[in-house]
Undergrad: 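What follows is a structure written as structure tokens; I'll ask about it next.
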Protein chains: 2
Amino acid sequence: MLDMAILGLLEEKDLHGYEIRRQLRDNLGILANVSFGSIYPALSRLEKTGAVVATEDQATPATDASAPAPPTGSLSGELAVLRARRHTPTRSRRGKKVYRITEKGRLVFTELLAESGSVDDARSFGLKVAFARHLAPQARLTLLERRRAILVQRLAEAGAHNPDLDVYARSVVQHTADSVTQDITWLDRLIATERATFHPAAAELTYEGDIR
Amino acid sequence: MLDMAILGLLEEKDLHGYEIRRQLRDNLGILANVSFGSIYPALSRLEKTGAVVATEDQATPATDASAPAPPTGSLSGELAVLRARRHTPTRSRRGKKVYRITEKGRLVFTELLAESGSVDDARSFGLKVAFARHLAPQARLTLLERRRAILVQRLAEAGAHNPDLDVYARSVVQHTADSVTQDITWLDRLIATERATFHPAAAELTYEGDIR
DNA sequence: ATTTCATTATATCGGTTCGATATAGCGTTG
DNA sequence: CAACGCTATATCGAACCGATATAATGAAAT
């Protein structure tokens, strides 16, 4: 799921891991404050499958420290340099690895965005919606309806609130149900808007029709 | 986190894995439909640390099939029995492993419930609230306030919604923020009730006072 | 009667995410 | 110039999920 979001960001411009996290955090705020422990493995995955390529940070103007053995005079200094080298063979001086999306990556992104899965989780669904502008109107509508169906079903199954629950359990269950209800309302608004823009004229005719 | 919930259920009565899942699903419904891939490892964990003990299913009244070599006359029948025995050396006939909470388990439960962590995640927090009746009034209040503080901070950090977001991203972010706001409102109600029951008389005096 | 099916029941596997931790370069500020 | 905070990458263990395998049981269908 993170993969999709990362590819979505890289579609706009090349970024490195730290920036990706910032973008997610700053732009999508509450929805996606993702850990580095997720970001970097995700980038490795994507690189391994060829969806992205890691390029060196070309912006290394001042203080060229790539000399083989800078005679610092300090032994510990030299050792530190070597240790750093050993640990970061492919990285540039600043240690920035800028990632660029490939053609395959663009394909993968489209697939991930359009695939039927990843709708059960609120987080994953939210991320999909956040990048829904890359979807065809039809696929967008389908996505929203699929999520709606899941929430409705979940609400129905939870159903009749158990009477032998104490105040706290009942309260939290009720509140969760209310949240889901609000989610559905939100989806209904989105779906309505979506339908209106899709066929603005025949809106009243095709209304409530043959959904599969 | 699951550990706490499981111990909470076992505090009421002995249960086996399948039942634990059902209880969570049926009672807490939407909030906690937990996978078996979480339940069974959790039970193993708890057993390993001695928080629970696995007992045999003693309820095997009718059709006593524990005879060493029931003369079924059918060879395949005998073989089936033996194969079942081989695969389930510690399990009873039905394969049920009923878990009972230990004294240490009760202690662990109290600790898990009272610990300051596991409040960032909506799920974990929900589960804690669901078992909040086992908490002291003070600890209960603290739990609710801690969660509230986190949500408020999260909302503040998300802050000024980015203007250069498209309709979809903006919509999902806004909706998420609304949900969090509703969560806070809910918490406020709970906190108010909690305070009222804690010191019913001085409610108006200590009102809006020295929260840490 | 027996096959078939749904339910009950336990268990493991691979993959994803998180939180914590380690490391280090860099810029600002005291 | 030392201390601090931000930028930046990376890895680790633990938790959880979804899928899958296995098997016993009971009821319904044939």
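Protein chains get the first letters and strands the later ones, always in sequence-line order, with residue 1 at the start of each. The structure displayed is predicted, hence computed values, not measured ones.
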Undergrad: Within the structure, does a side-chain N or O atom of A:Ser38 lie under 4.0 Å from either OP1 or OP2 of C:dC18?
TA: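 Yes, A:Ser38 has a side-chain N/O under 4.0 Å of OP1/OP2 on C:dC18.
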Undergrad: Measure from the ring center of B:Phe131 to the ring center of A:Tyr168 and say whether it is less than 6.0 Å.
TA: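 That pair fails the under 6.0 Å test.
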Undergrad: Between B:Gln138 and B:Thr142, is there a side-chain heavy-atom distance shorter than 4.5 Å?
TA: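 B:Thr142 vs B:Gln138: side chains touch.
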Undergrad: Starting from P on D:dA15, measure out to CG on B:Asp121 and report it in whole angstrom.
TA: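 Atom-to-atom, B:Asp121 to D:dA15, this comes out as 14 Å.
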Undergrad: To the nearest Å, how far apart are A:Ile20 CD1 and D:dA10 C1'?
TA: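 So the CD1-C1' distance, A:Ile20 to D:dA10, works out to 15 Å.
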Undergrad: Rounded to whole Å, how long is the line connecting atom CZ of B:Phe125 with atom C1' of C:dC18?
TA: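 Distance, rounded to whole Å: 20 Å.
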Undergrad: How long is the line joining NZ of B:Lys97 and P of C:dT8, in whole Å?
TA: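 One finds 20 Å between P of C:dT8 and NZ of B:Lys97, rounded.
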Undergrad: Before you tell me yes or no, could you show the steps for A:Arg148 and A:Glu194 under salt bridge (Lys or Arg N to Asp or Glu O under 4.0 Å), namely the whole-Å CA-CA distance, both residues' side-chain angles and the distance that decides it to 0.1 Å?
TA: CA-CA 14 Å; A:Arg148 205 201 107 104; A:Glu194 209 58 36; over 6 Å; no
Undergrad: Would a line drawn from the ring center of A:Phe109 to the ring center of A:His134 be shorter than 6.0 Å?
TA: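 Yes, ring centres under 6.0 Å apart.
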Undergrad: B:Glu19 or B:Ser44: which one's nearest nucleotide on DNA chain C is closer to the 5' end?
TA: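 Counting from the 5' end, the first nearest nucleotide belongs to B:Glu19.
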Undergrad: Considering only D:dC16, C:dT10, C:dC18, which nucleotide approaches the side chain of B:Arg123 most closely?
TA: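 Looking only at side-chain atoms, B:Arg123 lies closest to D:dC16.
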Undergrad: So, applying side-chain hydrogen bond (donor to acceptor under 3.5 Å, both in side chains) with A:Asp178, which one of A:Gln174, A:His175, A:Gln182 is it?
TA: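 Answer after filtering A:Gln174, A:His175, A:Gln182: A:Gln174.
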Undergrad: Measure CZ/A:Phe36 against C1'/D:dT11 and give the value in whole Å, please.
TA: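 Roughly 14 Å, once rounded to whole Å.
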Undergrad: For the pair made of NZ in B:Lys96 and P in C:dA9, what is the distance, rounded to whole Å?
TA: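 One finds 4 Å between P of C:dA9 and NZ of B:Lys96, rounded.
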Undergrad: Heavy atoms only, 4.0 Å cut-off, all strands: where does B:Ile39 land among base, sugar-phosphate and nothing?
TA: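 Counting heavy atoms under 4.0 Å across all strands, no contact is made by B:Ile39.
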Undergrad: Whole Å only: how far is the OH atom of A:Tyr40 from the C1' atom of C:dT17?
TA: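 Atom-to-atom, A:Tyr40 to C:dT17, this comes out as 16 Å.
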Undergrad: Provide, to the nearest angstrom, the distance between the CG atom belonging to A:Asp120 and the C1' atom belonging to C:dT17.
TA: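 After rounding, the reported distance stands at 17 Å.
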Undergrad: Side chain of A:Tyr99: nearest nucleotide among C:dT17, D:dC17, D:dA10?
TA: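 So the side chain of A:Tyr99 is nearest to D:dA10.
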Undergrad: For C:dG14 and A:Arg45 - does any side-chain N or O of the residue sit under 4.0 Å from the phosphate oxygens OP1/OP2?
TA: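 So the side-chain polar atoms of A:Arg45 never come under 4.0 Å of the phosphate oxygens OP1 or OP2 of C:dG14.
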Undergrad: With respect to the side chain of B:Tyr18, which nucleotide from D:dA8, C:dA9, C:dT17 is positioned closest?
TA: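 When the side chain of B:Tyr18 is considered, C:dA9 is the closest of D:dA8, C:dA9, C:dT17.
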Undergrad: If you assign B:Gly37 and B:Arg22 each to the DNA chain C nucleotide with the nearest heavy atom, which residue ends up on the more 5' nucleotide?
TA: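 On the 5' side of the pair lies B:Arg22.
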